[in-house]
Amino acid sequence: MRLTPLLAFTPRGIHCPIADVYIDPWRGVDRAIITHAHSDHARGGSGHYLATPVTKALMHARIGADLSVEGLGYGKPVTINGVRFSLHPAGHIPGSAQVRVEYQDEVWVATGDYKRQLDGISDAFEPVRCHTLITECTFGLPIYRWKEPVEVFAEIDAWWRGNAANGVCSVISAYSLGKAQRVMTGVDPSIGPILVHGAVANMNTVLQDCGLELPPWEHITKDTPKERFRNALVITPGSALDTPWMNRMKPYRSAMASGWMQLRGWRRRSNIDRGFVLSDHADWEALLLAVKESGAERVIATHGYTDLFSQYLRSVGYDATAESTEFAGEAGADGTEGTRSVDPVIPALSREGRPETNAS
Amino acid sequence: MTPEATLFDALDATTATNAKVEALAVYFREAADADKLWVIALLSGRRPKRPVTSTQLRQWAAEVSGIPDWLFEASYHVVGDFAETVTHIAKLEQRMERSLAEWVRYVEELKDLSEVEKATRVKAVWAGLEGMELFVFNKIITGGFRIGVSQKIMVKGLSKATGVDEDVLAHRLMGDWAPHHTTFHDLVLGANEGDDHSRPYPFYLAYGIEGPEGTAAGAGLQDLLPLGDPREWQVEHKWDGIRGQLIVRGGQHYVWSRGEELVTDKYPELEALRKALPDGTVLDGELLAWKDGAPLPFAEMQKRIGRKSVGKKLLADVPVIFMAYDLMEHDGTDIRQRPLNERRQLLERIVAAAQHPMLTLSPTLAFTTWEEIVAHREHARTASIEGLMLKRRSSTYEVGRRRGDWWKWKVDPLSIDAVLTFSMQGHGRRADLYTDHTFGLWQEGQLVTFAKAYSGLTDSEMKEVDAFVKKNTLERFGPVRQVKAELVFEIAFEGISTSTRHKSGVAVRFPRIARWRKDKKPEDADTLDALKRMAAALPTAPNDL
């Protein structure tokens with residue numbers, strides 16, 4: 001085995017020293033590979049980027065048109081200084097990718113964010129065999145288990161339909177890139193018009209230009225007539241929730257679509273009327289399945305419940321460790337995008353190397 | 001899904017009171033009587049006795065989940081609620097179907113079984129239910145049933161469904177009834193009303209006096225003037241004991257605390273009042289630790305509160321009296337709708353006739369102007385007086401907390417600036433957030449813990465402090481984190497007493513966070529000596545009795 005690892009965790013991000021390429025760096029670097037266009041993974045300030053064509057289009061819209069980005073389709077290899085890189089669908093949002101890194105018969109995969117559920121807008125997650133897997137674990141605890149999306153959309157439709165029947169506007173807070181389009185695609189558009197915040201409208205336009213099909217939607221402007229909201233589904237980023245921007249929608253009910261809505265405590269303190277459990281991340285079972293199907297012997301857990309998840313993997317025989325990153329995970333119950341503190345409860349370790357428990 | 005699961009799903013899915021009331025009304029119109037009775041019982045704090053310990057439940061939960069114990073415990077800490085944690089982790093295998101009343105029986109029948117059989121039956125349910133149905137079962141078996149629906153909201157829904165007045169219902173649902181010994185018809189529709197001698201009346205509770213347009217507690221004369229003519233008001237001390245209701249009916253006596261708890265056996269000295277008072281009498285008043293003609297500090301009273309049975313020594317050291325301030329039932333007749341001045345006259349007569357040392361009358365203050373009341377309040381702080389009670393002489397005795405006719409006017413709280421030292425995660429809506437804080441005061445360069453406080457911050461401040469705790473942890477002790485001494489808070493409290501149980505040597509009563517002093521550095525916080533000087537300066541007995 002080489003002394004230098006194929007990928008290393010550095011203050012700038014995940015680094016491949018042989019090729020001098022970073023994956024999703026959080027400081028400016030010369031060359032970066034970007035897994036997906038969410039702002040905690042795709043940041044400006046680097047010299048040259050490599051990403052899927054959809055991510056490329058999104059980055060130009062979100063960060064800057066003059067960004068130097070090379071588009072690379074799924075499964076197509078690029079070789080830099082003998083290291084072979086390729087991108088594979090992660091199922092997280094449109095354009096999202098896992099990064100496969102191969103050098104002299106050794107393969108590493110960095111998953112970025114991923115989910116195994118089909119969402120109707122992203123290419124399906126593809127298991128990639130490797131020796132070392134760097135996986136996210138935003139929801140890496142057994143309490144996170146997702147229902148089938150079709151059940152969740154039935155709940156959303158029923159809620160929207162009930163509100164519309166009473167002339168009450170339905171407002172869903174969802175990440176403007178990914179979750180917003182997933183919600184639009186999953187609901188029953190015959191209930192009423194789908195109206196969106198400007199941040200969502202921008203992402204819709206870029207994705208439609210890339211070939212994504214969306215149901216009819218309207219951008220909310222100051223000219224949108226008040227009556228239009230009465231049976232509408234409004235999709236907005238959490239930052240606009242309950243701000244004066246929403247005054248014209250009154251009366252309205254608010255909801256949030258996020259994996260965090262699984263927990264009553266999160267739901268109750270987020271000051272929304274309804275919480276729908278809909279995540280773009282893998283739940284506990286899906287994480288374990290991804291680890292298993294990768295065939296990896298070594299696993300490095302990054303953002304989320306890293307200590308607990310890696311400790312569990314060790315207990316079932318993997319060589320697993322935790323690394324801290326500056327990725328933010330899923331939009332939190334406070335409605336902000338990508339600012340959820342990734343500091344879940346990690347009990348202190350007792351002498352036996354197990355977390356101490358509160359036996360009360 | 002059972003009607004109850006549908007109901008609790010609907011209650012859980014909204015934060016709007018009206019929507020909750022409506023969901024309850026729909027349920028109470030449609031569900032089976034036996035199940036409705038249990039919903040009323042559970043939402044008013046009545047539940048079957050716990051047949052299993054929490055240690056057993058935790059062990060079984062880890063066994064069925066197929067994950068290590070430590071991972072179950074870590075998950076529990078994130079969720080903050082055992083019933084919910086099991087609901088998320090358990091996997092449905094063989095579906096079970098029963099009504100709510102049948103589930104309660106299922107839980108009750110566990111009591112006499114062997115531990116092995118208990119485990120088998122509980123695990124069968126964990127594999128037999130999912131979602132809200134499982135959550136409800138877990139809430140029943142773990143005891144607590146707090147799900148964000150107050151008894152008041154439940155009563156509103158029940159009233160809407162049955163057409164029975166809310167106040168009447170509130171009264172019918174009080175007392176120590178149990179679903180096993182009554183029916184929905186008898187309890188709610190009052191078929192056998194009057195059978196239950198022990199049933200108390202709902203207490204009338206006062207709001208704190210308000211400044212202009214409902215701003216924070218008033219502090220001076222300007223806040224009393226809106227009350228109008230002082231001659232229309234009766235003013236008493238607000239005693240620092242426990243609110244209680246004393247009932248003498250059918251040759252028996254019953255003592256209820258405000259928390260709707262029957263505490264007759266905890267205060268055996270009051271048994272003597274059964275003979276001293278005429279049958280058909282219900283008094284509202286304060287249970288007070290009292291010795292040699294004066295009240296004892298609340299810390300003494302606290303020794304009596306926790307005890308189920310009271311020893312001779314404690315009875316001699318901390319005797320309790322009933323300080324009466326209102327009469328709710330006279331000669332077996334509910335007189336709550338008669339004006340206060342009439343009730344007070346009758347009360348004075350009854351107390352005088354009883355002539356018993358364990359029963360005293362709450363004195364009214366003589367005054368003619370509001371200025372005198374302001375002066376009274378300024379001198380009111382003692383070991384056992386919290387402030388003043390102002391009651392309109394024409395007021396009827398209402399149900400629950402109401403504005404308008406009764407007001408409490410507390411003395412200004414004491415307060416001190418302290419440093420945040422430790423923090424723990426909360427439960428329920430505070431799960432996964434560091435909200436339960438410990439504060440220290442300086443002594444010889446060290447911070448000595450003097451109080452814990454959970455309330456007083458806004459939601460956004462709560463989040464800010466949570467983020468601080470996570471970023472500035474020095475050490476972890478299980479769920480508790482020690483943090484960098486940096487944040488200063490003004491901690492308000494009601495009283496101070498010396499304590500041998502506390503490292504600081506003093507205990508403060510009802511501490512809460514008054515303000516986040518972002519303007520202060522940790523070295524600007526107060527010393528333990530300052531708190532002790534504050535304690536020494538307090539008068540210990542009422543000064544104007």
Side-chain angles (χ1 to χ4, degrees), chain A residues 139-145 147 151 155 158-159 162 253-255 260 262-277 283-285 305 307-309 311-312 314-316 332-334 336 339-350 352-360, chain B residues 9 12-16 19 54-55 58 65-81 83-91 130-131 135 147-148 424-435 459-460 462-463 466-467 469-471 473 475-481:
Chain A
F139 292 106
L141 281 182
I143 47 175
Y144 299 107
R145 285 186 13 224
K147 281 190 222 178
E151 287 179 50
E155 289 171 14
W159 173 75
R253 297 275 178 278
S254 58
W260 300 112
Q262 170 94 340
L263 302 188
R264 292 180 79 234
W266 274 94
R267 222 156 53 220
R268 281 155 68 198
R269 68 167 177 264
S270 60
N271 289 323
I272 42 147
D273 299 311
R274 272 301 284 273
F276 297 110
V277 186
D283 67 2
W284 171 254
E285 301 284 347
Y305 298 93
D307 287 355
L308 295 168
F309 187 64
Q311 190 176 345
Y312 175 75
R314 282 197 296 281
S315 78
V316 292
D334 53 358
T336 49
T339 56
R340 145 85 176 157
S341 154
V342 274
D343 189 10
V345 201
I346 295 149
L349 291 180
S350 67
E352 293 79 38
R354 287 184 155 195
E356 281 171 9
T357 54
N358 179 14
S360 64
Chain B
D9 257 337
D12 207 35
T14 179
T15 48
S54 67
T55 314
R58 280 153 178 264
S65 59
I67 55 171
D69 296 6
W70 62 262
L71 187 53
F72 181 84
E73 292 296 332
S75 299
Y76 166 65
H77 275 301
V78 170
V79 178
D81 179 283
E84 188 185 343
T85 309
V86 172
T87 307
H88 291 319
I89 290 183
K91 282 180 196 133
E130 62 178 348
F135 182 65
I147 59 156
M424 199 170 103
Q425 288 178 317
H427 284 81
R429 74 184 286 269
R430 292 154 158 234
D432 210 13
L433 271 187
Y434 285 85
T435 57
D459 279 4
S460 65
M462 223 189 272
K463 279 183 196 159
D466 170 71
V469 170
K470 287 170 178 169
K471 278 196 205 105
T473 300
E475 209 175 331
R476 295 171 182 188
F477 306 93
V480 178
R481 292 183 179 207

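Numbered from 1 within each chain, the chains take letters A, B, ... in sequence-line order.
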Taking side chain to side chain contact (heavy atoms under 4.5 Å, CB included) as the definition, give me every residue that meets it alongside A/Gln262, ordered by chain and number, with sequence neighbours left out.
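Residues passing side chain to side chain contact (heavy atoms under 4.5 Å, CB included) with A/Gln262: A/Tyr144, A/Trp146, A/Val277, B/His88.
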Flag the pair A/Glu285 and B/Lys91 as a salt bridge only when some basic side-chain nitrogen lies within less than 4.0 angstrom of an acidic carboxylate oxygen.
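Salt bridge present between A/Glu285 and B/Lys91.
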Check this for me: does any side-chain nitrogen of one of B/Asp12 and A/Arg264 sit under 4.0 Å from a carboxylate oxygen of the other?
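Looking at A/Arg264 together with B/Asp12, the answer is yes, because their closest N to O distance falls below 4.0 Å.
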Nearest-0.5 Å distance, [atom1] of residue [X] to [atom2] of residue [Y]:
X: A/Trp266; Y: B/Leu433; atom1: CH2; atom2: CG; result: 7.0 Å
X: B/Trp70; Y: A/Leu308; atom1: CH2; atom2: CG; result: 5.5 Å
X: A/Ser315; Y: B/Ile67; atom1: OG; atom2: CD1; result: 10.0 Å
X: B/Ser75; Y: A/Leu141; atom1: OG; atom2: CG; result: 4.5 Å

Proximity breakdown for A/Trp284 and chain B, heavy-atom pairs closer than 4.5 Å
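Only the side chain of A/Trp284 comes within 4.5 Å of chain B.
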A/Arg145 portion near chain B, given a 4.5 angstrom heavy-atom threshold
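Contact with chain B: side chain only.
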Report which part of B/Phe72 has an atom under 4.5 Å of a heavy atom belonging to chain A: side chain, backbone, both, or neither.
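Neither part.
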Checking B/Ala90 against chain A: side chain, backbone, both or neither under 4.5 Å from a heavy atom?
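The backbone, not the side chain.
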Can you name the nearest heavy-atom pair linking B/Ile89 to A/Pro142, along with the distance?
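Taking every non-hydrogen atom into account, CG1-O, 3.9 Å.
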Stepwise, does the side chain to side chain contact (heavy atoms under 4.5 Å, CB included) test hold for B/Asp81 with A/Leu263?
CA-CA 10 Å; B/Asp81 179 283; A/Leu263 302 188; over 6 Å; no
